[in-house]
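Written below as structure tokens is the structure these notes are about.
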Amino acid sequence: MPELLAVALVCATTLSSAECSRDTALDVIISPVHSAMECMMHAQASAAAAGLPGGDGRYLKISCERRTKLASVIEPADH
């Protein structure tokens, strides 16, 4: 499982870059990635495909984050 996450945030231009976070963003796209280079390319491409890049009082902020929790594995129940 990839340890990095590509995070694309669409924030209002009334917010500074420091204030733009997952909590304050208008839209958020999060995708698992394998490397920092893939992170930057994938986040931009995902945001563009979703029609989220800036304009109309919005801007795009991209970051790469380390995954903080790994998904737990659910074992099938015995019947």
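A search for side-chain contact (heavy atoms from CB on, under 4.5 Å) contacts involving Cys20 returns Leu9, Cys11, Tyr59, Lys61, not counting sequence neighbours. Taking the side chain to side chain donor-acceptor pair (under 3.5 Å) definition, one finds that Ser31 meets it with His42, sequence neighbours left out. Judged as a side-chain contact (heavy atoms from CB on, under 4.5 Å), and not counting sequence neighbours, the contacts of Ala12 are Thr14, Leu26.
Chaining together hydrophobic side chains whose heavy atoms lie under 4.5 Å apart places Met41 alongside Met37.
Screening residues 8-22 for salt bridge (Lys or Arg N to Asp or Glu O under 4.0 Å), with sequence neighbours left out, gives Arg22-Glu65.
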Candidate pair His34 and Leu4, rule side-chain contact (heavy atoms from CB on, under 4.5 Å), full reasoning: CA-CA 6 Å; His34 293 80; Leu4 293 175; over 6 Å; no
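Taking hydrophobic clusters as Ile, Leu, Val, Met, Phe, Trp and Tyr residues chained together by side-chain heavy-atom distances below 4.5 Å, Leu60 shares a cluster with Met40.
Here the straight-line distance linking atom CZ of Arg66 with atom CG of Leu5 works out to 10.5 Å at 0.5 Å rounding.
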